*Asks:* 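The structure's right below; bear with me while I get my questions together.
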Protein chains: 2
Amino acid sequence: MNLRDFRYLLAVAEYGHFGRAAQACGVSQPTLSVQLRKLEEQLGLALFERDRKTVVPTSACERLIGHVRAAVAEADAILAAARDLCDPLAGTFRLGIIPTLAPYLLPLVFAPLREALPTLLLEPWEDQTLTLLDRLRAHELDAALLATEVDGSDFTSQPLFDEPFLAALPPEHPLAAREVVAESDLAQDILVLADGHCLRDQALAACGQGGSLGGALGGTLRAASLSTLLSMVAAGYGTTLIPGLAAGTAQDMGIVLRPLRERTGRTVRLVWRSSFPRRAAAEAVGRVIGDRLRGFAAGPI
Amino acid sequence: MNLRDFRYLLAVAEYGHFGRAAQACGVSQPTLSVQLRKLEEQLGLALFERDRKTVVPTSACERLIGHVRAAVAEADAILAAARDLCDPLAGTFRLGIIPTLAPYLLPLVFAPLREALPTLLLEPWEDQTLTLLDRLRAHELDAALLATEVDGSDFTSQPLFDEPFLAALPPEHPLAAREVVAESDLAQDILVLADGHCLRDQALAACGQGGSLGGALGGTLRAASLSTLLSMVAAGYGTTLIPGLAAGTAQDMGIVLRPLRERTGRTVRLVWRSSFPRRAAAEAVGRVIGDRLRGFAAGPI
DNA sequence: CCGATCTGATAGACCCCGCCTATCGAAGCA
DNA sequence: TGCTTCGATAGGCGGGGTCTATCAGATCGG
């Protein structure tokens, strides 16, 4: 039983004429006759009563023809839907983003993405690195913007741009007087994010602290968000290390920013499953973001 | 694009495993792999993301799979419906019957038909011969019970039984005194049905009247139904010639019935289009009616 | 009354395509 | 490292769908 046979059946039912039906189907009349007879044998009933002059559907055929029409319509719907879906640069694109990047990066790239990929409907999803990777693995995300390297061949990653870290200091802080701050100097009273934020580990590594915290609030504060962390710094509770894209927000809060002596920073990458079939969409998204943020190392400050 | 491919797709989506899906479909794993890849190429999109350990439908596939399920369901519905319809002795059977036969024959054969062909749903349709033939030609009837021969190869007819005519007389009529009535004697004051009833022509032919009418009411009465005609005879307005099956009704009305000298009668036939595909049903109906009415010539009176 | 025409059915040949088995390649595991 | 698993690939085979050519029956017009 074949969809083609169904189309033959509908054509004969419509034209009441094997020759014209065959023409409409783009096949020869014998082809259509043979196939319809086979279909009749498979179904075990006569579909058409062949009179000398007319071809009339049997009552059984009329009982079936609704289902036949429906089946063909569904098949056509599949083809039509596939035509809409076949462009890998169209449709929804579920993009995971880490929390220390999302609020500062998204406003910069939303418009360029919409302009460059107008048919791509971006669905951002903010979560920490490990959660994003889990969701990637579970096919709940199409790609993710991370600031860490990803190992294993399951994932493919594309570096987009380098984002320098900056020392964030209260105005009255002694280090604020310097032009450049050494990473190790921050260790004294650095405030860091809660577990799970990659920025926490990167900040601690940069300051030469394997995991133990110094400073007044060290060990007690585990800021849930970069925004909270900045508020604490602005209030004079300590220093921290922020990603470059957050510079504008920090300065607006009255925080003093200084470049780091070792120019420590992180590389923002777009990551997707190696088996992800819409690689073209992922690469296009990465390219647009990279183009917008390239040369950011020489950006603000 | 093929329904089989759709079934493959659904199987892989269900099992998430090519091997098990192939087993469920009754084909080898390479067959299923190749066919699905072809389907993907035809649709121009990836349907499954093949990971090392898992096979996961793409988002495009999930958008399509509803239609796929629907198409397969419709195809299955066609098969199921065909199974129900394929028995030619099942389903509705639209049977035309002439008015001079219907009220007397149907009560006799309804129960036997229901018993012999319990799955056949009889739909009687009462009309005059020519109308029935038109409806047969138009496929609006499956067969018809007629009392005339049908010419032409378009129709096939099966004689069921012979029905003798009887002279119907008012009790006080002079002919009522005789044991047997000659057809020609009825011509004096015979009453006949309206144009279009085959019984009218047969009665006139039997009485040797080509078309002109004698008798008191001749030329003015054109009874619309046999029932009306019998009422007229019972009221003494004239004589008539009735089909044997109407004997009981006539006697109940006080009419005197007499056999005809020449044993004139008519043959009741079942007629259907030669191309009618459910010949088996027609012949079965004819057989049941024939069995019930055979030997009717020696019946009442 | 006999060709011309039209219709669907049939025959025979061809070729694509779906199926199989065998094998590969990569990954995971002991 | 060898074994297992899983999907992809290769090659061969057979069936089935398609074609052209033709037939069979009916209708129509000269």
Side-chain angles (χ1 to χ4, degrees), chain A residues 1-43 46-58 61 137 139 151-156 273-277, chain B residues 1-43 46-58 61 137 139 151-156 273-277:
Chain A
M1 210 174 51
N2 199 313
L3 280 169
R4 188 179 356 92
D5 300 336
F6 290 170
R7 295 185 198 276
Y8 293 166
L9 188 159
L10 293 181
V12 172
E14 179 181 357
Y15 291 99
H17 188 285
F18 275 68
R20 277 187 280 279
Q23 194 175 6
C25 292
V27 297
S28 69
Q29 168 262 315
T31 295
L32 199 138
S33 286
V34 170
Q35 290 311 110
L36 271 185
R37 184 158 297 282
K38 283 187 183 175
L39 182 60
E40 286 180 325
E41 284 167 11
Q42 284 172 12
L43 297 180
L47 291 169
F48 294 99
E49 192 174 326
R50 288 107 163 138
D51 208 331
R52 341 207 156 292
K53 290 266 71 174
T54 58
V55 176
V56 181
T58 62
C61 181
R137 264 184 282 266
H139 292 70
D151 54 348
S153 59
D154 287 353
F155 293 113
T156 300
R273 295 184 300 281
S274 300
S275 56
F276 181 55
Chain B
M1 210 172 53
N2 199 315
L3 280 169
R4 190 182 352 94
D5 300 334
F6 291 169
R7 296 185 197 276
Y8 293 166
L9 188 159
L10 293 181
V12 172
E14 180 180 357
Y15 291 99
H17 187 287
F18 276 68
R20 277 187 282 279
Q23 195 175 6
C25 292
V27 297
S28 69
Q29 168 262 317
T31 295
L32 199 138
S33 287
V34 170
Q35 291 310 111
L36 271 185
R37 184 159 297 281
K38 283 188 184 176
L39 183 60
E40 285 180 325
E41 284 168 11
Q42 285 173 12
L43 296 181
L47 291 169
F48 295 98
E49 191 173 325
R50 290 115 164 126
D51 208 331
R52 340 212 153 289
K53 290 267 69 175
T54 58
V55 177
V56 182
T58 62
C61 180
R137 264 184 282 265
H139 294 250
D151 53 350
S153 60
D154 288 351
F155 294 113
T156 300
R273 294 183 301 280
S274 300
S275 57
F276 181 56

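These numbers come from a predicted model, not from an experiment. The analysis underlying the following values was restricted to heavy atoms, covering all of them including side chains, and did not include hydrogens, waters or symmetry mates. Numbers restart at 1 for each chain; the letters A, B, ... are given by sequence-line order, proteins then strands.
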*Asks:* What's the CZ-P distance between Phe18(A) and dC23(D), to the nearest Å?
*Replies:*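 Checked: the CZ to P distance equals 21 Å.
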
*Asks:* Which nucleotide sits closest to the side chain of Val55(B): dT10(C), dC19(D), dG7(D)?
*Replies:*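 Selected nucleotide: dG7(D).
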
*Asks:* Counting only side-chain N and O atoms of Arg37(B), is one of them less than 4.0 Å from OP1 or OP2 of dG7(D)?
*Replies:*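 No, because none of the side-chain N or O atoms of Arg37(B) sits under 4.0 Å from OP1 or OP2 of dG7(D).
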
*Asks:* Tell me which of Asp154(B) and Asn2(A) sits closer to the 5' end of DNA chain D, going by the nucleotide each one is nearest to.
*Replies:* Asn2(A)

*Asks:* Under 4.0 Å from OP1 or OP2 of dC17(C): is there any side-chain N or O of Lys38(B) that close?
*Replies:*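 Checking dC17(C) against Lys38(B), no side-chain N or O comes under 4.0 Å of OP1 or OP2.
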
*Asks:* Could you tell me which non-hydrogen atom of Glu49(B) sits nearest to which non-hydrogen atom of Pro277(A), and how far apart they are?
*Replies:*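 Shortest heavy-atom separation between Glu49(B) and Pro277(A) comes out as OE1-CD, 3.2 Å.
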
*Asks:* Using only side-chain N and O atoms of Thr31(B), determine if any of them is under 4.0 Å from OP1 or OP2 of dC20(C).
*Replies:*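 True: Thr31(B) side-chain N/O within range (under 4.0 Å) of dC20(C) OP1/OP2.
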
*Asks:* Phosphate oxygens OP1/OP2 of dG18(C): is one of them under 4.0 Å from a side-chain N or O of Gln35(B)?
*Replies:*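 For dG18(C), OP1/OP2 do have a side-chain N/O of Gln35(B) under 4.0 Å.
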
*Asks:* Begin with the C-alpha distance, continue with both residues' side-chain angles, and end with the deciding distance and a verdict on side-chain contact (heavy atoms from CB on, under 4.5 Å) for Cys61(B) and Leu9(B).
*Replies:* CA-CA 9 Å; Cys61(B) 180; Leu9(B) 188 159; 4.1 Å; yes

*Asks:* Leu3(A) CG to dG17(D) P: how many Å, rounded?
*Replies:*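 After rounding, the reported distance stands at 13 Å.
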
*Asks:* Between atom CD in Gln29(A) and atom C1' in dG17(D), what is the gap in whole Å?
*Replies:* 15 Å

*Asks:* So what does Tyr8(A) touch, heavy atoms closer than 4.0 Å: a base, only the sugar-phosphate, or nothing?
*Replies:*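 Sugar-phosphate: the residue Tyr8(A), judged by heavy atoms under 4.0 Å, touches backbone atoms but no base.
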
*Asks:* Can a donor-acceptor pair be found, under 3.5 Å and without considering hydrogens, that links the side chain of Thr58(B) to the backbone of Phe48(B)?
*Replies:*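 Such a contact is absent between Thr58(B) side chain and Phe48(B) backbone.
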
*Asks:* Of all the nucleotides listed (dT9(D), dC6(D), dT18(D)), which has the minimum atom distance to the side chain of Pro30(B)?
*Replies:* dT9(D)

*Asks:* Applying the side-chain contact (heavy atoms from CB on, under 4.5 Å) criterion to Asp5(B), which one of Leu47(B), Leu32(B), Leu36(B), Leu39(B) satisfies it?
*Replies:*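 That would be Leu39(B).
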
*Asks:* Check Ala21(A) against Tyr15(A) and note the closest heavy-atom contact, atom names and distance.
*Replies:* CA-CD1, 3.8 Å

*Asks:* Rounded to the Å, how far apart are Leu39(B) CG and dG18(C) P?
*Replies:*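 Going from CG in Leu39(B) over to P in dG18(C) covers 11 Å.
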
*Asks:* Roughly how many Å is it from CG in Asp5(A) to C1' in dG16(D), rounded to a whole number?
*Replies:* 11 Å

*Asks:* Considering just the side-chain nitrogens and oxygens of Arg4(A), establish if one lies under 4.0 Å of OP1 or OP2 belonging to dT18(D).
*Replies:* yes

*Asks:* Between His17(B) and dT5(D), does any side-chain N or O lie under 4.0 Å from OP1 or OP2?
*Replies:* no

*Asks:* Please state how far atom CD in Gln42(A) lies from atom C1' in dG17(D), giving the value in whole angstrom units.
*Replies:*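 Interatomic distance, CD of Gln42(A) to C1' of dG17(D): 13 Å.
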
*Asks:* Does a nitrogen or oxygen in the side chain of Ser28(B) sit under 4.0 Å from OP1 or OP2 of dC19(C)?
*Replies:*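 Looking at the OP1 and OP2 atoms of dC19(C), neither is under 4.0 Å from any side-chain N or O of Ser28(B).
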
*Asks:* Just to confirm, is there a sub-4.0 Å distance from OP1 or OP2 of dT7(C) to any side-chain nitrogen or oxygen of Arg50(A)?
*Replies:*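 So the side chain of Arg50(A) is outside the cut-off, no N or O lying under 4.0 Å from OP1 or OP2 of dT7(C).
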
*Asks:* Taking atom C1' of dT7(C) as reference, at what distance in whole Å does atom CG of Leu36(A) sit?
*Replies:*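 For the pair Leu36(A) CG and dT7(C) C1', the rounded distance is 15 Å.
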
*Asks:* Please report, rounded to the nearest Å, how far the P atom of dT7(C) is from the CD atom of Glu49(A).
*Replies:*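 Roughly 19 Å, once rounded to whole Å.
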
